J.: 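This is the structure I want to talk about, given as structure tokens.
Keep in mind the model is a prediction, meaning the values are calculated, not measured. So you know, we letter chains A, B, ... as the sequences are listed, proteins then strands, and number each from 1.
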Amino acid sequence: MVLVTAARDYINRMLQDISGMKVLILDSQTVSAVSVVYSQSELLQKEVFLVELVDSIYKSKESMSHLKAVYFLRPSSENIQHLRRQLANPRFGEYHLFFSNMLKDTQIHILADSDEQEVVQQVQEFYADFVAVEPYHFTLNIPSNHLYMLPAVVDPSSLQHFCDRVVDGIAAVFLALKRRPVIRYQRTSDIAKRIAQETAKLMYQQESGLFDFRRTEISPLLLILDRRDDPVTPLLNQWTYQAMVHELIGIQDNKVDLRSIGDFPKDQQEVVLSSEQDTFFKANMYENFGDIGMNIKRMVDEFQQVAKSNQSIQTIEDMARFVENYPEYKKMHGNVSKHVTLVTEMSKMVEERKLMLVSETEQELACNGGQGAAFEAVTNLLNNENVSDIDRLRLVMLYALRYEKDSPVQLMQLFNKLASRSAKYKPGLVQFLLKQAGVDKRTGDLYGNRDFMNIARNMARGLKGVENVYTQHQPLLFQTMESIIKGRLRDVDYPFLGNHFQQGRPQDVIIFIVGGTTYEESRSVALENANNSGIRFILGGSVILNSKRYAMNHYKLFLILGV
Amino acid sequence: MATRNRTLIYKRYRDALKTVRVPTSTSPLQSSGKSSCSGPVIELVNSSLLNPNRNYAPLSTEDPGNSRGAVTVGLPPAWVDVSEEIATNVQRARTKMAELARAHAKALMPSFGDGKEDQHAIESLTQEITNILKRSEKRLQQLSAAGPSEDSNVRKNVQRSLATDLQNLSMELRKKQSTYLKRLRQQKEGQDGVDLEMNLNGGRSIMEDDDLDDMVFNEHQMAKLKKSEAFTVEREREIQQVVESVNELAQIMKDLSVLVIDQGTIVDRIDYNIQNVATTVDEGLKQLQKAERTQKKGGMVMCATVLVIMCFVMLVLLILKEIIF
């Protein structure tokens, strides 16, 4: 409950001391941060009767001075400008300003200057500058995520902007948890190192007073990784509920927009998938597609029983009971139809795109050996008419990542075949991926073929056979977490920053992946946390990726750099 | 969770800037007065009334509109009175529910008397609460407003919040009633050892002895018969009451269910509601613009202009006629 509780506490504190009717004004980033942890009905209970975006509040000029305005914004220059204009012509009775991160003195000055009518009652910093999608998983929803791969010389100001946003987000998480961490970063990644250094500077030098919390025996660990160290996980097709929905349809801030895949009745066009509010989802979000099918069938049967008993009303007591239970019944009905719709649509997509076939080959490419067989399988799928373009691109990317050094002739053949099938995926695109995330650039042992221990482990696994071919892949993050638990995370690969040092194992570890996380990884983290190993992991990233977004990141960068 | 309060620095800056700022001739009120105020504005010059931390600003002898340190508090629009009335009703209903709970408990306790006064009290309380709920629910409908505007969104949200409260109260009342009746029934059954349950379908007769058909009723049995009859009548009355209250409750719940937000659905998401606000306001604007255009293009305007032109032409001709002839 950690991240979600922290964000909720901030919002509760914002609203509790202000009496009377309130209007809550957010910006496009804080609206995500607030919406995932707080519901509209809870706002109504706190007497917040209007919620608006700060940039659309100009549209109406009516004065509503019986309302008190509570602003919750990021301290960006655009927001300060908006505030300036609104304070100069105040529409509301009182103004209470809350910022999700640290304000600069100049910004306070600008605000004080424009507040001629002295309507501002308080100015506070409440550090809810992250989107807590799950209790142990947060994201920052950074718009131009592909910038993390940009070399510094190309566009230094955009890169600085990106780094600043990441540092702000990480700082906010630690302020919300009231801890100051020891920082380690991935050696081979420049941007990870840069972010680590800037975070350390902020926490230990610039705002050391703010971060000076009561020191516990063991500091938490902040580990900054680069997405390019594990390019395989985002490219794979997923078969566990939450990851699968995100891969096939797309989840944004725990909401699923079904309008992109078909026509639905108005109340099913957008649905909410939140483990905090939906007990069925909480129980099934990490389960396999097959198991989900069975569980949904059971849920539908239960619901049909309830519906049947509602229809047979024979006594007064039955009637009374029906009226009493109607809200529950309505809620159950909504929930059942939501899950049934999702699973039905996903089944359709699996069938259309022949994803079972594609995914089998993907998992082989990610986990097992056999270059020859892999080449044949990929070629066959490229020739298969039913396979969609994005799936073809994924297969070639996965093959290239695995066998980039073996048989370059065959690799070239695949590139050309891909380009002939889908014109916009020029051969350069996959080569570009290799340049970014190829074997020379990676730190971790992605395929378990470097370290002797890993090779042995893989052989053992191959002999034992796998439970489910489609979910045999474990993200690299899993191995990293295991190393941390055993206290064997290598200093050579993940050095400590500067003079930081940690004796023994940390109890809290926050892993931030620059470039984005995936739901497969957050599942790994949640399952690891459930094991009660004594270490609590929290995962965060700049965005939450699926294969389309990941490929699109590379594509955008490919176009920018004109390779 | 860590927070940082910047109010002190902010106020210091603000006060410092106030002293160096050149006082402008136009009052800030007049510039904001261009926005249509929805009601009369009360000017509070003595700001120390509102906020004890503020410095006392001396009353200026000039026009109140020019004073700087003043806070304008507008009178809330009229519908706020309706919402406050409903809120006080809800509060009253809550206190009465507490009373009802006490009356239920008292009636269930074994007592020497008949218990008729308790019954009356319970009935009247229940009736009162139901009336309050019905009245509030009717008033709630008055809060709906037409047209997309910020004010209408506020009203809609106030409506939703009150509807949730009313629905919760109705459900609570219903639960209390049903538990009370159940306990009462258990008590009564315990007293007589007679199974008093009646089904709508069944109509099982209370007297199960079939061989009473040709038996002579002795006195003991006559007394028993009379007692059962009395209970039957009372049972019917109770059932009638329950039916009525269930009906009323069903009606209230049906009306409220359109207003109440289902928790956990998309409608309960803040970002969804913001999007909708934006789209409805945009659409409203578009509709208004379209209406304006159609009005401008309207045939009426054309006719009117043509007529006016004709009038002018005729007038000119008339004058010319007068001059020439």
J.: Do NZ/NE/NH1/NH2 and the carboxylate oxygens of A:Lys46 and A:Glu42 come within less than 4.0 Å?
T.: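 No salt bridge links A:Lys46 with A:Glu42.
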J.: Of the listed residues (A:Arg13, A:Lys338, A:Gln40), which shares the most heavy-atom pairs with chain B below a 4.5 Å separation?
T.: A:Gln40
J.: Let me know if A:Leu97 has heavy atoms under 4.5 Å from chain B in its side chain, its backbone, both or neither.
T.: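 Interface part for A:Leu97: neither.
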J.: Less than 4.5 Å to any heavy atom of chain B: does that hold for the side chain of A:Asp278, its backbone, both, or neither?
T.: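 Answer is neither: A:Asp278 stays 4.5 Å or more from chain B.
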J.: Where on A:Glu207 is there a heavy atom nearer than 4.5 Å to chain B: the side chain, the backbone, both, or neither?
T.: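 Side chain of A:Glu207 only, per the 4.5 Å heavy-atom cut-off to chain B.
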J.: Given 3.5 Å as the limit, does a donor-acceptor pair link the side chain of A:Asp115 with the main chain of A:Val119, or not?
T.: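 Here the side-chain-to-backbone pair exists.
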J.: Compute whether any side-chain donor of one residue and acceptor of the other, for A:Asp27 and A:Tyr71, lie under 3.5 angstrom apart.
T.: no
J.: Relative to chain A, which segment of B:Thr265 carries a heavy atom at a distance below 4.5 Å: side chain, backbone, both, or neither?
T.: backbone
J.: Report which part of A:Asn335 has an atom under 4.5 Å of a heavy atom belonging to chain B: side chain, backbone, both, or neither.
T.: neither
J.: Report the option among A:Val271, A:Leu24, A:Asp105 that has the most heavy-atom pairs separated by less than 4.5 Å from atoms of chain B.
T.: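 Among the listed options, the one with the most contacts to chain B is A:Asp105.
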J.: Looking at A:Lys331, A:Glu47, A:His109, which one has more heavy-atom pairs under 4.5 Å with chain B than the rest?
T.: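 Top count of heavy-atom pairs under 4.5 Å with chain B: A:His109.
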J.: Do the side-chain N and O atoms of A:His96 and A:Gln122 include a donor-acceptor pair separated by under 3.5 angstrom?
T.: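 Yes, a side-chain donor-acceptor pair sits under 3.5 Å.
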J.: Counting only non-hydrogen atoms closer than 4.5 Å, does B:Leu17 touch chain A with its backbone (N, CA, C, O), its side chain (CB onward), both, or neither?
T.: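 Side chain of B:Leu17 only, per the 4.5 Å heavy-atom cut-off to chain A.
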J.: Most heavy-atom pairs under 4.5 angstrom with chain A, which of B:Ile9, B:Leu8, B:Val158?
T.: B:Val158
J.: Using only atom types and a distance under 3.5 Å, with no angle test, would you say the side chain of A:Arg180 pairs donor to acceptor with the backbone of A:Met203?
T.: yes
J.: Does any backbone or side-chain atom of A:Ser41 lie under 4.5 Å from a heavy atom of chain B? Answer side chain, backbone, both or neither.
T.: both
J.: I need the residue from A:Val34, A:Val31, A:Leu26, A:Leu111 with the largest number of non-hydrogen atom pairs under 4.5 Å to chain B.
T.: A:Leu111
J.: If the plane angle is over 60° it's perpendicular, under 30° parallel, otherwise tilted; pick one for A:Tyr10 and A:Phe126.
T.: tilted
J.: Do B:Gln177 and B:Thr126 get their side chains close enough for a donor-acceptor pair, meaning under 3.5 Å?
T.: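 No, B:Thr126 and B:Gln177 have no side-chain donor paired with an acceptor closer than 3.5 Å.
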J.: Which residue, B:Asp268, B:Asn273, B:Asp271, forms the side chain to side chain contact (heavy atoms under 4.5 Å, CB included) with A:Ser35?
T.: B:Asp271
J.: May I ask you to decide whether A:Lys255 forms a salt bridge with A:Asp253, counting only side-chain N to carboxylate O separations under 4.0 Å?
T.: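 No, A:Lys255 and A:Asp253 are not salt-bridged.
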J.: Less than 4.0 Å between a side-chain N and a carboxylate O, is that true for B:Arg269 and A:Glu270?
T.: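 A salt bridge is absent here (no side-chain N lies under 4.0 Å from a carboxylate O).
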J.: At a heavy-atom separation under 4.5 Å, does A:Leu210 approach chain B through its side chain, its backbone, both, or neither?
T.: side chain
J.: Between A:Gln277 and chain B, which part of the residue has a heavy atom less than 4.5 Å away: side chain, backbone, both or neither?
T.: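 When you check distances to chain B, only side chain atoms of A:Gln277 fall under 4.5 Å.
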J.: Does any backbone or side-chain atom of A:Leu43 lie under 4.5 Å from a heavy atom of chain B? Answer side chain, backbone, both or neither.
T.: side chain
J.: Is it the backbone or the side chain of A:Val23 that comes under 4.5 Å from a heavy atom of chain B, or both, or neither?
T.: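 Answer is neither: A:Val23 stays 4.5 Å or more from chain B.
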